[in-house]
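Values below: all heavy atoms of this structure, side chains included; hydrogens, waters and symmetry mates excluded.
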Amino acid sequence: MSHLRPGPLVLDRAPAGGGERAAPSSKTSRGWVPRWAGATTAVITFVAYLPGLGRSLDFDSAETVGLFVKTGPPWAAFQRQAVFNNHPFFSFLEQLVRMTTGTTGAATMRLLPIACGALAVGVLTWFAARRHGLVAGITAGVVLAANPTFAGLSRSVRGYSLLTLCAVVSTVLVADDRPGRSRWHDAAYVVVAGVGLATHLYMAPVLAAHAGVVIARRQLDERWRLRFLGAMAVAAVAYAGMARAMVDATAAHARTFQADMPWRVATMVTGGGWASVALAPLVVAGAIIVLRRPGPRGGAVALAAVLVVLWAGLQSAALSDRFFVWLVPGAAYLVAVAVGRLPVAALAVAGWTALAVALVVPGFTTDPTAYRQAAAVIRAVDAAGARACVVDVGVPPMLGYLDAPRQFTVVTDPGQLDSCDVVVVAAWWQSTKPWFAADNRVIAAAEHRYAHRTVLPATDPTLVFSRDEVLTSVLRNA
């Protein structure tokens, strides 16, 4: 697990009176400069993430909109779950966006996660600039904003950018904590950490790292115990209505040891490909500097312990490297520490940025899926008086665009095909994984029953079967 060393903003400065002297630095910057740098990088990141705002939704985003945002009052977001795909507090906020704007269009739904991602970049830039100088601060912001995984998740309708924002802000509150802080400081930590945990359960390792820092500083007093309990109470309220569904989903997912998960997380955090090769030495250098201090060492030990349990102990088949996106600002901060000590290292970061951006640009504005096209086909079929059906696995994303059963019928068995004029296979129809076996039986039966087969092109294409030439012409004109 040594390659999982980057954590959430690793702390290199103890609070006054905490028994740990601040790391000496001639690069610290106070006053308006760090604030200006943070605000500027946040605005630039927001604008940079906007191109392709209206492109089609990916599977998880469409499922989020269809199952957790489109219908019901805002508090309904805390009552529904599909495996672990609902990020409750994020879905709640998107419900508010829907009610305010009156739409669940892709462009509108993407604004909130983009804003959260941009704010995370701004806060990190401000914090790193204040600690290590302007160049280091801008470096941290650039490394976070240009990370392909962070940029991609911040531009999807998912809660990962909100999770990352909460991880960054709560860690800054830990870093700036000192005896005598006001109750507002306590309340801010409870709210921010609680919202992060209520958005995604993988905020828990961040809280574990915070606990490790506090324990290493010998500051785990009643005030901090109440903070941690308060954050967990906020999350408990969010998950209370869906706890049973999540427990059942955990039991349903077979234990699978993903031996390559640490490597996948490490490459994700550092950008992937040659970008990882360029950035990893600076992350390691920053870690060596920061981990000389007891507080950060305590946080790193606690974080590593939790990560080992999640990886080798839990062994969930659903575990994904994107769950650890909150590690990216930790890596960015470690790079900033290295640049603060050796400013010429910023040249290496410039090279890394070019490599990372090259990974992002090719698909920046293209449709990741054909769901929007498929929705147009189904509407056209419905308008022609025919009956459209959607194979089971593609139902959740299609709900992001359409309503069932008013606009289409769900098909889970080959025997149901008799009543369908058009059959849409919206997602993963080329997969041979065992949990798609039922869908593949339906698809195989449709191959024999329908005369016409159309593929709607995209990175994740959609397959459409139709009975006759009339419907085929409808498909072409949709």
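- For Arg35 and Trp32, the positive end is not near the middle of the six-membered ring at less than 6.0 Å and at most 45° from its axis.
- When side chains are defined from C-beta on, Leu57 counts as touching Tyr401, because their heavy atoms get closer than 4.5 Å.
- Distance alone, capped at 3.5 Å, is enough to place a donor-acceptor pair between the Ser161 side chain and the Pro113 backbone.
- Rounding to the nearest 0.5 Å places CD of Glu63 at 9.5 Å from OH of Tyr371.
- Between the CG atom in Leu279 and the OG1 atom in Thr267 there is a gap of 12.0 Å [rounded to 0.5 Å].
- Atom NE2 of His210 is separated from atom OG1 of Thr171 by 3.0 Å, given to the nearest 0.5 angstrom.
- Interatomic distance, OG1 of Thr125 versus CG of Leu134, reported as 9.5 Å (0.5 Å rounding).
- A donor-acceptor distance shorter than 3.5 angstrom exists from the side chain of Trp429 to the backbone of Pro461, with no hydrogens or angles considered.
- Pairing each heavy atom of Ala167 with each of Ser170, the nearest pair is O-OG, 3.2 Å.
- Remark: Trp428 pairs with Phe59, Phe436 by the ring-ring contact (aromatic ring centres under 6.0 Å, His included) rule, at least two apart or across chains.
- In this structure, Asn147 contributes its side chain and Pro329 its backbone to no donor-acceptor pair below 3.5 Å.
- With Tyr160 contributing its side chain and Thr149 its backbone, the two residues share no donor-acceptor pair below 3.5 Å.
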* Checking ring pair (Phe, Tyr, Trp, His ring centres under 6.0 Å) for the pair Phe127/Tyr333: CA distance, chi angles, key distance, verdict? -> CA-CA 9 Å; Phe127 181 77; Tyr333 180 71; 5.6 Å; yes
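- Put simply, OG1 on Thr100 and CD on Gln95 are 11.0 Å apart, with the number rounded to the nearest 0.5 Å.
- Within the 3.5 Å criterion, the main-chain N or O of Tyr202 finds a donor-acceptor partner in the side chain of Trp326.
- The shortest distance between side-chain heavy atoms of Thr108 and Val97 falls below 4.5 Å.
- Considering every non-hydrogen atom in both Ala208 and Ala302, the closest pair reads O-CB, 3.3 Å.
- We find the CG-OG1 distance between Leu124 and Thr139 to be 10.5 Å, quoted to the nearest 0.5 Å.
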* Report the C-alpha distance between Arg227 and His185 in whole Å, list the side-chain angles of each, state the deciding distance to 0.1 Å, and finish with yes or no for side-chain contact (heavy atoms from CB on, under 4.5 Å). => CA-CA 10 Å; Arg227 284 180 174 185; His185 197 272; 3.0 Å; yes
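- Qualifying side chain to side chain donor-acceptor pair (under 3.5 Å) partners for Ser91, counting only residues two or more places apart in sequence or in other chains: Asn86.
- Residue pairs meeting the side-chain hydrogen bond (donor to acceptor under 3.5 Å, both in side chains) criterion with at least one partner in residues 64-79, sequence neighbours excluded, are Thr64-Arg158, Lys70-Asp403, Thr71-Arg80.
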* Asked: Could you walk me through whether Leu334 and Ile289 pass the side-chain contact (heavy atoms from CB on, under 4.5 Å) check?
  -> CA-CA 9 Å; Leu334 293 177; Ile289 296 170; over 6 Å; no
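- Listed here is the closest heavy atom pair of Thr103 and Met109: O-CE, 3.7 Å.
- A donor-acceptor contact shorter than 3.5 Å links the side chain of Ser61 to the backbone of Val157.
- Residue pairs meeting the salt bridge (charged side-chain N to carboxylate O under 4.0 Å, His left out) criterion with at least one member in residues 349-368, sequence neighbours excluded, are Asp367-Arg372.
- Under the 3.5 Å distance criterion, the side-chain polar atoms of Ser156 are matched with a main-chain donor or acceptor of Leu153.
- Using a 4.5 Å cut-off on side-chain heavy atoms (C-beta onward), His132 and Val339 make no contact.
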* To do: Take Leu399 and Leu67 through the test side-chain contact (heavy atoms from CB on, under 4.5 Å) and record every step on the way to the result.
  => CA-CA 7 Å; Leu399 289 174; Leu67 296 182; 3.5 Å; yes
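- Remark: Arg110 pairs with no residue by the side chain to side chain donor-acceptor pair (under 3.5 Å) rule, at least two apart or across chains.
- Among residue pairs with one or both ends in residues 317-330, those qualifying as salt bridge (charged side-chain N to carboxylate O under 4.0 Å, His left out) are Asp60-Arg322; sequence neighbours excluded.
- Residues Leu144 and Thr41 form no side-chain contact, since every pair of their non-hydrogen atoms from C-beta on lies 4.5 Å or further apart.
- Among pairs with a residue in residues 256-282, those fulfilling salt bridge (charged side-chain N to carboxylate O under 4.0 Å, His left out) read Asp260-Arg264, at least two apart in sequence or across chains.
- Leu163 has its side chain out of reach of Phe89: every pair of non-hydrogen atoms, C-beta onward, lies at least 4.5 Å apart.
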* Would you check, one step at a time, whether the test side-chain contact (heavy atoms from CB on, under 4.5 Å) holds for Val121 with Phe150? => CA-CA 10 Å; Val121 170; Phe150 178 75; 4.0 Å; yes
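- Partners of Arg155 by salt bridge (charged side-chain N to carboxylate O under 4.0 Å, His left out), not counting sequence neighbours: none found.
- In this structure, Thr199 and Tyr239 approach most closely via the heavy-atom pair C-OH, 3.7 Å.
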* What's the verdict on salt bridge (Lys or Arg N to Asp or Glu O under 4.0 Å) for Arg131 and Asp176, showing C-alpha distance, side-chain angles and the deciding distance? -> CA-CA 11 Å; Arg131 290 293 181 91; Asp176 282 348; 3.3 Å; yes
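- Sorted by first and then second residue, the salt bridge (charged side-chain N to carboxylate O under 4.0 Å, His left out) pairs involving residues 37-51 (not counting sequence neighbours) form an empty list.
- Smallest separation of non-hydrogen atoms from Val277 and Pro281: O-CD, 3.2 Å.
- Note on ring orientation: taking the six-membered ring where Trp is involved, the planes of Tyr189 and Phe228 are perpendicular (angle over 60°, cut-offs 30° and 60°).
- Nearest heavy-atom pair across Ala458 and Ala370 is CB-N, 3.5 Å.
- When side chains are defined from C-beta on, Val269 does not count as touching Phe324, because their heavy atoms never get closer than 4.5 Å.
- Considering only heavy atoms from C-beta on, Leu119 stays 4.5 Å or farther from Val169 through its side chain.
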Indicate every side-chain donor-acceptor pair of residues 348-359 with a distance under 3.5 Å to a residue at least two apart or in another chain.
| residue | atom | partner | partner atom | Å |
| --- | --- | --- | --- | --- |
| Trp352 | NE1 | Thr270 | O | 2.8 |
| Trp352 | NE1 | Ala275 | O | 3.3 |
| Thr353 | OG1 | Val349 | O | 2.8 |

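- Looking only at distances, a side-chain donor or acceptor of His87 sits under 3.5 Å from a matching main-chain atom of Gly159.
- With sequence neighbours excluded, the residues satisfying side chain to side chain donor-acceptor pair (under 3.5 Å) with Thr369 are Ser56.
- Listed by chain and residue number, Asp248 satisfy the salt bridge (charged side-chain N to carboxylate O under 4.0 Å, His left out) test with Arg244 (two or more places apart in sequence, or in another chain).
- Note: His200 and Phe84 fail the aromatic proximity criterion, with ring centroids not under 6.0 Å apart.
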